[in-house]
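One structure is given below, encoded as C-alpha cells.
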Amino acid sequence: MPEAPRDYNLLEQNKKTLEFIEDVTANADQVQKRVLSEILSNNANVEYLKRHGLHGQTDRETFKKLLPVITYEDIQPDINRIANGDTSPILCSKPISEFLTSSGTSGGERKLMPTIEEELGRRSLLYSLLMPVMSQFVPGLEKGKGMYLMFIKSEAKTPGGIVARPVLTSYYKSSYFKDRPYDPYTNYTSPNETVLCPDSYQSMYSQLLCGLCQHKEVLRVGAVFASGFIRAIRFLEKHWPLLCHDIRTGTIDNTVTDLSVRDAVMKILKPDARLADLIQSECGKSSWQGIITRLWPNTKYVDVIVTGTMSQYIPTLDYYSNGLPLVCTMYASSECYFGVNLNPLCKPSEVSYTLIPTMCYFEFLPVNRSNGVSHDNLHTPRSLNEKEQKELVELVDVKLGQEYELVVTTYAGLYRYRVGDVLRVAGFKNKAPQFNFVCRKNVVLSIDSDKTDEVELQNAMKNAVTHLVPFDASVSEYTSYADTTTIPGHYVLYWELSLKGSTPIPPCVFEDCCLTIEESLNSVYRQGRVSDKSIGPLEIKIVEQGTFDKLMDYAISLGASINQYKTPRCVKFAPVLELLNSRVVEKYFSPKCPKWVPGHKQWINQNSS
C-alpha cells in the first residue's frame, strides 16, 4: 500500500463522492440523454449502427425507432468476426481490448462481452463509490483492513489473439488494481501477489494465512459471492493445523511453491505463538458457530453477494458469522457495471441497487405474462415484435413495484442488449430508481457462478438415459435440486424409473449417467467442477415408484389445478424435498470430473488444426 499523500483528506474525498451520487441521481434523465448521445457520436461510423440505418443521429427517438432490442445470439456473428481477428469497427470505434467472459452461456460456451480500455475507468469509478457510502453507516473503517478473498480465473486467447477472461480477472490484472494509489479503503490483508496467483489452492492458503496474521486489524471480511466465502471457511476447517504451524514457526508450508507469493507473505508473517494458540483453541472446538468473530474479533460486517440464487447461503453465513450484517454493495455484470446499494446495512431480502446513470444507457422492458419476457417462461426469449419494442421505458419512467427486464446500451458496443436480469422497482433516490434483483431469466439450477436452464438440463437428461436403454429401462419422471448443504454445493437429480427388463442395472451405469449429464452441461458448470472446485460431483437419487404421483397430490392439496399441473423441473420448497428424500432408494455420484479446458471448443479445434 503506498503512503498517504501529504494533502490527502478522506472526509473531503467522501463528501465529493456523495455529492457525485446526489448530482447524477437528481439529474438522471439529462445524464442518460448525454450518455446515449456520447455513445452514438463516438461510434457513429461503426458497421452495426450503419447496418440499422443510423447515420450519425444521436437522439433517443431515432435510436429507438431504428435499433432493435437484441439478445446475444443476434450479435454472435459480429462477436465471432472480432474474435477471429477482424479489427474493422464492427460494434465500437475504439479497439476491443479484450472479451469479458460471462457466466451466462450460449450453445454451452461462455458469452463473450466486448470491452474497451476506458471501461476499466468506469468500473473503478463504481468501486470508488462503495466505501464512502458505507462510511455513513459504519464509521472508522479507514482505521483497519479488509480481508477480502479475491481470485483470478483462467483466461484464453481467441483465434484473433484477443484475451478472453472473466471481468474480475481483468480488473485484478489491470493497473487500476495492481498500482492503485493510496486509499485507506483498499487496504487489504491479501498482498497483490496472493490474489494474482493462478493456483487456487496456493492463492486461498496464502490469503487466509495473511488474514490470520493481521486478524486484529481486520474490520470487514468478504468475497464476491457468498458461495466463495463459505468455500474459504471450509478450506480453513480443513487446513487450519497447517496454517497454525506456519504462524507458530514463521514459515510457509511447502505446498505454496510460487516464489512471488512466498516473498510477499514473508513480509507479513512473523512467528506468533499466542496467535497460533488462539487459532488452535478456536478451530479445535467442536462447534464452528461464530468462527468469523472468534478469529477476527473486530469484524463489523461480511461483504458478499447474497441476492438472487446466492440467498440460499444466508443461513450458513449467519451461523459462521454470529449474525453479522451481510452487506451487498454493488450490482454488476460482464456487460457493464450498473449500480450501488445506498442502504448497505439493510436485510438481505430488502437489498436494492441504485443504478448510476453515467455507467451506460438503461432501458427497461416490462415483464408480464403475455409477452416473451415472462420470467416463468423457461425458453430462450424470442425476438420482440414492433409493439413490444415500443413498450421499453426510460430509467426515470419506471413504475414503483413493476418488474422489468434490464436492457443496456454500452460504451463498448452493445446496443439495446437484453442482459437477462429481472428487476423490481423498490423506490427512488432523487430521480434514479432503486431495484431489487428478482432473478436471472431461465435459470433452474445454480451453485456458484454457474447457470443451468431447463432446456439444457433436458438435453443433458436425454444424453444420459441412453445408458439405460440396454436394460430396457427409462426415466418416467425427474426433477432437480441445487444442494448447498454440502460444501461445495452440488446438483441433485431425482429419478423415478420405468423398468421393463429383468436384468438389474449395475451401479456403474448410473455413475455413467451422472458423468454424461455433467459432460453435457455448459462450460461454466464444468469449469466449476474441474478448475475452480466450486461445484461438487453431480448426484442421482433413485426414488420409489409412485413418488411423483405423491408430489402431484401434495401440489393439488395446496391448491394447484389438476388440469394445469406440470412436474416442476427444479424444487426448492422444504416439504417437497422432504417428500422426495423420504422415498429415495439408491444414490449415485459422478465418478470423476467432466472434461473442461479454458477457451471455447471451436478455438481449441482451430488452434490445434
Side-chain angles (χ1 to χ4, degrees), residues 98 100-103 110 120 123 127 145-156 163-174 176-178 180 186-212 214 218 220-239 243 252-253 255-258 260-262 264-265 268 302-306 310 313 317 329-330 332-334 337 446-450 487-489 523-536 593 596-599:
E98 59 186 319
L100 302 176
T101 53
S102 164
S103 56
R110 286 177 179 268
L120 277 163
R123 290 196 278 276
Y127 284 128
K145 294 188 176 188
M147 187 181 79
Y148 282 75
L149 300 159
M150 302 173 272
F151 305 95
I152 60 167
K153 292 197 177 182
S154 60
E155 54 187 58
V163 174
R165 55 193 177 189
V167 64
L168 285 171
T169 301
S170 162
Y171 182 72
Y172 296 148
K173 287 189 166 186
S174 76
Y176 285 92
F177 179 79
K178 291 196 295 188
R180 56 193 185 275
T186 59
N187 194 1
Y188 304 124
T189 55
S190 298
N192 288 354
E193 292 82 356
T194 64
V195 174
L196 297 170
C197 176
D199 182 281
S200 59
Y201 174 92
Q202 294 183 57
S203 179
M204 178 78 87
Y205 188 93
S206 55
Q207 290 192 60
L208 283 172
L209 183 56
C210 292
L212 287 165
Q214 304 168 81
V218 170
R220 53 203 166 103
V221 298
V224 179
F225 291 116
S227 54
F229 191 74
I230 289 167
R231 223 164 41 247
I233 296 169
R234 178 50 56 93
F235 186 98
L236 185 61
E237 276 187 74
K238 205 171 170 184
H239 300 291
L243 291 158
I252 311 172
D253 191 71
T255 52
V256 179
T257 55
D258 186 310
S260 67
V261 170
R262 292 182 74 88
V265 174
I268 294 166
V302 182
D303 187 341
V304 284
I305 293 170
V306 285
M310 287 294 140
Y313 296 103
L317 285 169
T329 54
M330 63 184 281
S333 77
S334 306
Y337 280 22
S446 176
I447 294 289
D448 191 51
S449 56
D450 53 298
I487 298 174
S523 66
V524 178
Y525 174 87
R526 286 180 284 114
Q527 181 176 350
R529 281 280 284 121
V530 177
S531 173
D532 304 340
K533 305 283 192 287
S534 58
I535 303 170
C593 284
W596 174 81
V597 286

- [ ] Please confirm whether the backbone N or O of Val256 pairs with a side-chain atom of Arg262, one donor and one acceptor, at under 3.5 Å?
- [x] yes

- [ ] Might you point out which heavy atoms bring Cys210 and Ile268 nearest each other, and give the distance in Å?
- [x] SG-CD1, 3.9 Å

- [ ] Could you tell me which non-hydrogen atom of Gln202 sits nearest to which non-hydrogen atom of Thr257, and how far apart they are?
- [x] OE1-N, 2.9 Å

- [ ] Please name the pair of heavy atoms, one in Ser102 and one in Val524, separated by the smallest distance, quoted to 0.1 Å.
- [x] O-CG2, 4.2 Å

TODO: Determine, stepwise, if the pair Lys153 / Ser531 fulfils side-chain contact (heavy atoms from CB on, under 4.5 Å).
DONE: CA-CA 9 Å; Lys153 292 197 177 182; Ser531 173; over 6 Å; no

Open item on the list: Treating Arg123 as the side-chain partner and Tyr337 as the backbone partner, does any N or O pair qualify as donor plus acceptor under 3.5 Å?
Closed with: no

Task: From OH (Tyr205) to OG1 (Thr255), nearest 0.5 Å - done: 5.5 Å

Open item on the list: Once rounded to the nearest 0.5 Å, what's the spacing between atom OG of Ser534 and atom CD1 of Ile447?
Closed with: 9.0 Å

Open item on the list: Distance check, rounded to the nearest 0.5 Å: Asn192 atom CG versus Lys178 atom NZ?
Closed with: 8.5 Å

- [ ] Please assess Asp258 against Asp199 for the test side-chain contact (heavy atoms from CB on, under 4.5 Å), listing each intermediate value before the final yes or no.
- [x] CA-CA 9 Å; Asp258 186 310; Asp199 182 281; over 6 Å; no

- [ ] Hey, can you tell me if His239 and Phe235 have their rings parallel, tilted or perpendicular (30° and 60° cut-offs)?
- [x] tilted

Open item on the list: Nearest 0.5 angstrom please: Arg180 CZ to Asn187 CG, how far?
Closed with: 8.0 Å

- [ ] Just do the ring pair (Phe, Tyr, Trp, His ring centres under 6.0 Å) check on Phe151 and Tyr172 with the steps written out, would you?
- [x] CA-CA 8 Å; Phe151 305 95; Tyr172 296 148; 8.8 Å; no

Task: Pair Ser170-Glu98, side-chain donor/acceptor within less than 3.5 Å - done: yes

Open item on the list: Can you confirm if the aromatic rings of Tyr127 and Tyr171 lie within a centre distance of less than 6.0 Å?
Closed with: yes

TODO: Test side-chain contact (heavy atoms from CB on, under 4.5 Å) on Leu236 and Leu212 and set out the steps.
DONE: CA-CA 10 Å; Leu236 185 61; Leu212 287 165; 4.2 Å; yes

Task: Polar side chain donor-acceptor pair, Ser203 to Gln207, under 3.5 angstrom - done: yes

Task: Where Leu100 and Ser334 come nearest, the two heavy atoms and their spacing - done: CD1-O, 3.6 Å

Task: Glu193 side chain vs Ala264 backbone, donor-acceptor pair below 3.5 Å - done: no

- [ ] List the atom of Cys593, the atom of Val530, and the distance in Å for their closest heavy-atom pair.
- [x] CB-CG2, 3.9 Å

TODO: State the CE-SG distance between Met204 and Cys197, to the nearest 0.5 angstrom.
DONE: 12.0 Å

Open item on the list: I need the minimum non-hydrogen distance between Leu196 and Ile152, along with the two atoms involved.
Closed with: O-CD1, 3.2 Å

Task: Donor-acceptor under 3.5 Å (Asp448 side chain, Asp450 main chain) - done: no

Open item on the list: Would you compute the distance between atom CD1 of Ile535 and atom CZ of Arg529 and round it to the nearest 0.5 angstrom?
Closed with: 8.0 Å

- [ ] Show the numbers, then the answer: is there a side-chain contact (heavy atoms from CB on, under 4.5 Å) between Phe229 and Val221?
- [x] CA-CA 9 Å; Phe229 191 74; Val221 298; 3.6 Å; yes

